[in-house]
Each structure stands twice: as C-alpha cells, then as structure tokens.
Amino acid sequence: MLEEVERWLDRRSWSVADRSLERILAAKRNTKVSVVLPALNEEATVGDIVAVIRRELMTEAVPLVDELVVIDSGSTDRTAEVAAAAGARVVARDSILPRIPAVPGKGEVLWRSLMVTSGDVVCFVDADLRDFSADFVTGIVGPLLTDPDVDFVKAMYDRPFGDTPGQGGRVTELVARPLLNLHWPRLAGFVQPLGGEYAARRSLLERLPFPVGYGVELGLLVDALHTVGLDALAQVDVGVRKHRHQDGQALGRMAAAIYRTAQLRLSRGHLVRPWLTQFERGEQGFEPRTYAVDTEERPPMAEITEYARRRVA
C-alpha cells in the first residue's frame with residue numbers, strides 16, 4: 001500500500017462512534033441535508049428504512065435530515081405506496097427531466113435525483129437494506145458537517161453472505177478491488193468502494209458525470225479523486241450491512257458494467273465490444289444469453305439547462 005494511502009487511512013477513516021449526534025447537529029447550522037433512496041421493487045424493505053430515518057433523524061429534537069426522497073424507477077410492486085405511507089416524498093424517475101428519455105440503471109436514478117432535491121449535502125442509501133440503522137446516515141453525513149475539507153464519504157461495513165460473515169461483496173473482491181489497486185492505487189484504502197451508502201457535497205456531485213448503471217459507484221469514486229483529491233475523500237465504519245443478494249449471473253452483468261466504467265476512465269477511448277454473453281442450461285444444453293453492457297453516462301448535472309435555471313430561480 002502506498003504511504004500516502006496509509007496516512008489517509010489514519011486521517012480519513014473513522015467509526016460512527018467518533019462523532020456524537022450532538023456534535024453533528026451543532027455543526028449542521030444552516031446546511032441542508034437530503035437523503036435519497038433509489039428504489040426498484042423494494043416494498044419489503046423501503047418502508048422500514050424511511051420510518052427509521054423519519055423517527056430518528058427528522059424530529060424537532062433531532063433535525064438532521066431535511067429532505068427524504070425515494071426515487072421510484074418503475075416498480076411493479078407497492079414500493080411507491082409503502083414509501084409514501086412511511087413518510088417519504090416519492091418521485092417517479094420518468095417524471096424528472098422528461099425531455100431526456102430515461103434509461104434503466106441505478107446511476108440514472110441517482111443522477112436525476114439531483115434535479116429534485118435541494119440539500120447542500122446529498123446522502124444516498126440503497127432501498128434493499130434489512131435491519132437498517134440510522135448510523136448509516138449519521139456516519140457518512142457527519143464528516144461533511146464537521147470537517148469542511150471533506151467532500152465525499154463512503155460507508156464501510158461487514159457484509160455477511162447469508163449466515164457467513166465477511167463473504168458478501170463478491171464483485172468488490174473479484175473485480176473492483178483489483179481494478180482500483182492496479183489502476184488507481186490511491187483508492188486502495190476504501191473498504192467498500194462499491195457500497196451504495198455514501199454522501200457528498202452537492203457542489204461536487206453536480207460536477208461529476210454519472211454512469212447510468214452499476215458502474216456508478218466506481219465511476220463517482222474515481223472521478224471524485226481526480227476532481228478534489230484523496231484528502232477530500234473519507235470513509236466511516238457503520239457496522240454491518242444486510243441486504244438482498246444477487247445471483248451469480250446478475251453479478252456477472254454488474255462486473256461487466258464496472259469493468260466498462262473503469263475502461264472508459266483509463267482510456268476515454270473506444271469500447272471494443274459492449275456486450276456480455278452468459279450461459280444458462282436449457283433443454284438443449286447450455287444456451288447463450290447476451291446482454292448489452294451499459295455504455296451511457298450522464299453529463300455533470302451542472303451542464304443541464306433545467307438544473308442551471310432552477311439554481312438561478
């Protein structure tokens with residue numbers, strides 16, 4: 001590990017216990033905090049997450065979160081209804097920036113969320129978390145409120161796989177961590193580079209391009225490094241993250257999108273072949289299934305006319 005990264009781990013890696021809620025609230029002053037949950041068919045978990053944030057972080061005694069928004073990206077279950085009943089403002093993905101046709105993908109939802117939120121600090125939380133704790137929000141928002149030199153904070157945590165501790169995050173260990181260590185070694189200190197829980201200053205997020213799909217976490221992390229430097233990035237240990245796990249083929253598609261995101265940032269050149277073929281056993285033996293790899297990225301939100309107009313207004 002680079003000496004610079006070792007020093008960074010000492011300076012910019014914290015535990016949620018390092019900042020009391022009282023200290024965070026005292027530092028908040030007039031800073032507005034938005035929490036965004038991107039959601040697609042998460043009726044089983046989204047309501048509990050919203051309820052915890054409302055109950056513990058949006059009260060007169062603890063006014064940490066000013067805005068709680070669920071962006072529904074076309075759910076066919078009761079995600080929107082459950083989230084609204086629990087107290088979130090629910091916005092349909094396709095209603096945001098309608099002149100730009102929406103494409104499927106998590107990054108698309110996160111990018112559009114900047115248009116319908118107003119917080120100076122924006123905190124992203126995945127909507128499939130189980131046994132959710134408010135520490136996921138206070139942990140990653142805290143450094144942004146107490147340290148003006150920090151611009152981007154990732155959560156770190158243990159990721160059990162079923163009942164086996166520490167075996168989650170398979171794409172992280174097999175794809176993202178090797179890529180980062182080989183090509184962006186200054187980011188080698190991040191424990192969960194692909195984690196969906198992170199917070200950043202709007203002034204940074206609006207300057208970054210957003211890969212539309214699964215590559216969004218790696219893309220934002222790499223681009224944040226190049227935009228504000230390593231010392232402006234940080235991570236906070238928030239405990240244990242439990243969530244719904246993807247099957248092996250879904251992970252393969254995720255890995256391909258992440259590799260493509262890295263490739264684009266390494267070369268900014270031509271993508272050789274944006275397709276991934278996987279195999280499933282059928283009646284006639286193994287049958288190929290070919291999927292397009294996400295090749296689109298959204299430009300920095302600061303370049304979008306509607307966003308600029310909103311800020312002037």
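Just so it is clear, the model here is predicted, and its values are computed rather than measured.
- Distance alone, capped at 3.5 Å, places no donor-acceptor pair between the S15 side chain and the D18 backbone.
- Distance check, rounded to the nearest 0.5 Å: CZ of R265 to CG of L225 gives 12.0 Å.
- Taking a cutoff of 4.0 Å between a charged side-chain nitrogen and a carboxylate oxygen, D66 and K28 qualify as a salt bridge.
- Remark: side-chain polar atoms of R202 are paired, donor with acceptor, to backbone N or O of T117 under 3.5 angstrom.
- Side chain of R89 to main chain of L68: no donor-acceptor pair is present (N/O by atom type, distance under 3.5 Å, no hydrogens or angles).
- The main-chain N or O of S118 is found under 3.5 Å from a side-chain atom of E67 such that the two form a donor-acceptor pair.
- Side-chain contact, D48 with T45: no donor N or O sits under 3.5 Å from an acceptor N or O.
- The closest side-chain heavy-atom distance from E206 to Y307 is below 4.5 Å.
- There is no side-chain donor-acceptor pair under 3.5 Å between R207 and T227.
- Separation of atoms CD (E306) and CG (L97) is listed at 5.0 Å; rounding is to 0.5 Å.
- Remark: the R93 side chain and the S113 side chain contain no N/O donor-acceptor pair separated by less than 3.5 Å.
- For the pair P63/M58, no side-chain contact is recorded, criterion being any heavy-atom separation below 4.5 Å from C-beta on.
- The pair D120-R201 does not meet the salt-bridge criterion, since no charged nitrogen lies less than 4.0 angstrom from a carboxylate oxygen.
- How far CZ of F152 is from CG of L221: 5.5 Å, rounded to the nearest 0.5 Å.
- Expressed to the nearest 0.5 Å, how far CG of L144 lies from CG of D151 amounts to 7.5 Å.
- Under a 3.5 Å cut-off, the side chain of T79 and the backbone N or O of L40 do not form any donor-acceptor pair.
- If you take CZ on R112 and CZ on F210, they are separated by 12.5 Å, rounding to the nearest 0.5 Å.
- Between the S133 side chain and the D135 main chain, a donor and an acceptor come within less than 3.5 Å of each other.
- Taking the six-membered ring for Trp and the full ring otherwise, the centers of W8 and F190 sit less than 6.0 Å from each other.
- Of the N and O atoms on the side chains of Q235 and Y198, not one donor lies less than 3.5 Å from an acceptor on the other residue.
- Here CG of L114 is found 9.5 Å from CD1 of I71. Values are rounded to the nearest 0.5 Å.
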